[in-house]
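Report on one structure; see the data block that follows.
Sequence lines set the chain letters: A, B, ... in the order given, protein chains first and strands last, and positions in each chain run from 1.
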Protein chains: 2
Amino acid sequence: MPTSTQNSPEAVPADAGASAAFENTAPAFSPLYQQIKTLILRSLQAGEWKPGDMIPSEFDLAARFRVSQGTVRKAIDALATDNLLVRRQGKGTFVATHAEQHIQYRFLRLLPDTGSLEEQGPAERRIVECRRLRAPAEVARQLGLRTGDAVLQVKRVLAFSGAPAILEELWLPGGPFKGLTIEALSDDKGPMYALFETQFGVRMVRAVEKIKAVSADEDTAALLGVAPGYPLLSVERLAFTYNDEPMELRRGFYRTDARHYRNELS
Amino acid sequence: MPTSTQNSPEAVPADAGASAAFENTAPAFSPLYQQIKTLILRSLQAGEWKPGDMIPSEFDLAARFRVSQGTVRKAIDALATDNLLVRRQGKGTFVATHAEQHIQYRFLRLLPDTGSLEEQGPAERRIVECRRLRAPAEVARQLGLRTGDAVLQVKRVLAFSGAPAILEELWLPGGPFKGLTIEALSDDKGPMYALFETQFGVRMVRAVEKIKAVSADEDTAALLGVAPGYPLLSVERLAFTYNDEPMELRRGFYRTDARHYRNELS
DNA sequence: CAGTGGTCTAGACCACGAG
DNA sequence: TCGTGGTCTAGACCACTGG
């Protein structure tokens, strides 16, 4: 039945026997592997497998979805290029995670002008502020909330070898991040996104950044150790979980005297 | 024989009969589809098929390389995700091109803050300068030339609806671009990379950008219609042809008052 | 050694585009 | 109607990892 030509989207049963009613009007054709991809995605969202876990083998999934191994493979391939899964030959396929993934700061594109990331050493983090407040209109709009909904605001400075490099301000929806405290943030080692995963079950999947050049205002200048008016990179990031649900709005000011934002185009 | 397990890299004959000496030491294993990908890439570099051309069908290539259609397919898939080929169902597979590709400015990430690209209208281009000179050390280094080698320098301003937005300065290696004149550049409609393709057979394949925030100096400020000291995005782009050969160094200053540099992370 | 992902094949059939 | 790319299958074998 999966062999059927009349594939209506989402017609593949996850587990049960075979009997998907034929749609006589099937304008939207969706390939099987796409449907399988969606089903796997659902399991990921539902938390059936947690970040870092190994998912069932291709053959197991093929049996479960009643399709061939090759079809499951195409679905997993797609999820792997989306960075949701990671394949490891000889071991298995794993749910991607921000933790234990040696590349710290997966979304940070700021690199030292000279020298490597390693010799730069780890970032020193200082939380400047962390409070609960009602979402301003613009923040609410971008996070898909209503104006006045509860949000968390976090402000912090990142420094390398004692030299401040980034000042950033985050807004997080109050619901999913209920219970996040300044202590948890301060005590934490490792990427913030890793903490979001382990403590709140929120996994960031992709993000969009809008970059501008701005002049430092007085407060920002003071925190970054530059003169007011100093040119800074303004990086506004909206990060999404599964299903393109916005989960974090972040506005960063980057010093770019000894560092640059690197981007690859193709 | 392509079925052989003892695949030594590059061992697949393009056309001739079968007789690849078995390497008894074969530490580097390269899958067949990778080798096919390399062979297709060579044909692209050699100009066997020009930008915009349709390449032979998957079955034809499979016959030519003595492998199955599925293997050719994987090779083409890889080249397509690298943006070197474009598949069009029902028509064929084509060599990617910067021309006739409705997205003008494939590498330009500057978008209007409000409204769409369409309502912004086409960019107005004004060549400020175009001259031949000896490469400064830094330019030579990045382009893989020797200091003092001939390079072309072009300086131009891009404006939208009469408002200047970008000032950029380009360096091109003198050899491949012999004969490029200010007239050709000024007369040209369409993306500069399209002109490079059609007139010089140089196709840009990927690029790396380094972005910083800077203050406008007097000259730059005047050309962009802002006050000196105004914060600008400095975008340094190194663009590559096939084989990761650097072919263009470009330094742009972007006004970001009504526009932003957009980047997608995943 | 067994179990996992990775490669390759051969063949069937579908969707799309153009004559 | 034909030729192209797109999907799906079934099965064989290889490469890597770990017990």
Side-chain angles (χ1 to χ4, degrees), chain A residues 1-9 11-12 18 22-23 26-38 40 49 53-81 85-96, chain B residues 1-9 11-12 18 22-23 26-38 40 49 53-81 85-96:
Chain A
M1 175 283 184
T3 321
S4 156
T5 276
Q6 297 292 351
N7 277 324
S8 60
V12 172
F22 276 22
E23 319 279 351
F29 162 78
S30 173
L32 242 194
Y33 75 87
Q34 255 296 359
Q35 303 176 37
I36 304 297
K37 179 183 173 186
T38 301
I40 296 177
W49 313 299
D53 283 2
M54 176 178 155
I55 70 171
S57 77
E58 296 179 351
F59 276 103
D60 288 352
L61 288 173
R64 163 162 165 187
F65 296 131
R66 314 292 198 84
V67 297
S68 81
Q69 181 249 8
T71 300
V72 169
R73 172 159 266 272
K74 271 205 87 168
I76 292 181
D77 277 347
L79 290 164
T81 59
L85 296 177
V86 178
R87 324 190 73 138
R88 281 199 255 272
Q89 177 166 142
K91 297 207 270 193
T93 300
F94 299 79
V95 182
Chain B
M1 175 281 184
T3 321
S4 158
T5 278
Q6 297 292 353
N7 277 324
S8 58
V12 173
F22 274 23
E23 320 280 351
F29 162 78
S30 172
L32 243 194
Y33 75 87
Q34 255 295 1
Q35 304 177 34
I36 303 297
K37 178 183 172 185
T38 301
I40 297 177
W49 314 298
D53 282 2
M54 176 177 156
I55 71 171
S57 77
E58 295 179 351
F59 275 104
D60 287 352
L61 289 173
R64 164 163 165 186
F65 296 130
R66 314 291 198 88
V67 297
S68 81
Q69 182 249 8
T71 300
V72 169
R73 171 160 266 272
K74 271 204 88 170
I76 292 181
D77 278 346
L79 290 164
T81 58
L85 296 177
V86 178
R87 323 190 73 138
R88 281 199 254 274
Q89 178 167 142
K91 295 208 272 191
T93 300
F94 299 79
V95 181

Euclidean distance, atom CG of residue B:Leu85 to atom C1' of D:dT4 [Å, nearest integer] | 15 Å
Write down the distance between CD1 (A:Ile76) and C1' (C:dT7), rounded to a whole number of angstrom.
-> 16 Å
Measure from CZ on B:Arg66 to C1' on C:dA10 and round the result to the nearest Å.
-> 17 Å
Side-chain heavy-atom pair A:Trp49, A:Thr93 within 4.5 angstrom cut-off | no
Is the shortest heavy-atom distance from the side chain of B:Ile55 to the side chain of B:Val95 under 4.5 Å?
-> yes
Take atom CD of B:Gln34 and atom C1' of D:dA15, then tell me their distance rounded to the nearest Å.
-> 16 Å
Please round to the nearest 0.5 Å and tell me the distance separating atom CG of B:Asp60 and atom CZ of B:Phe65.
-> 11.0 Å
Distance, rounded to the nearest Å, where B:Phe94 contributes CZ and C:dA18 contributes C1' = 12 Å
Side-chain N or O of A:Lys74 less than 4.0 angstrom from OP1 or OP2 on D:dC8?
-> no
Look at the side chain of B:Gln35 and the backbone N and O of B:Ser30, then say whether any donor-acceptor pair between them is shorter than 3.5 Å.
-> yes
Kindly say if A:Arg87 contacts the phosphate of C:dG6, meaning a side-chain N or O under 4.0 Å from OP1 or OP2.
-> yes
Review item, nucleotides 17-19 of chain D N/O atoms under 3.5 Å of protein N/O:
none

Mind running a 4.0 Å heavy-atom check of residues 54-61 of chain A against DNA chain D and sending the residues that fall below it, in number order?
-> none
May I ask you to verify if any side-chain N or O of B:Arg73 is less than 4.0 angstrom from the OP1 or OP2 atom of D:dG5?
-> no
Nearest 0.5 Å, what's the OG-NZ distance between A:Ser68 and A:Lys74?
-> 11.0 Å
Salt bridge (charged side-chain N to carboxylate O under 4.0 Å, His left out) involving A:Lys37 - partner list, sequence neighbours excluded | A:Asp82
B:Leu32 CG - D:dA15 P separation (whole Å) = 12 Å
Measure from NZ or CZ of B:Arg87 to the centre of the six-membered ring of B:Phe94, then state whether that distance is under 6.0 Å and the direction lies within 45° of the axis.
-> no
Gap between atoms CD and P, on A:Gln69 and C:dT7 respectively (whole Å) = 12 Å
For the residue pair B:Leu61 and B:Ile76, establish whether any side-chain heavy-atom pair is separated by less than 4.5 Å.
-> yes
Within the pair A:Thr71 and D:dC8, is there a side-chain N or O less than 4.0 Å away from OP1 or OP2?
-> no
Would one find a side-chain N or O of A:Arg88 under 4.0 angstrom from OP1 or OP2 of D:dC16?
-> no
D:dG5 phosphate, OP1 or OP2: any side-chain N/O from B:Thr93 under 4.0 angstrom?
-> yes
Between the CG atom in B:Leu79 and the CG atom in B:Leu85, the distance rounded to the nearest 0.5 Å is 5.0 Å
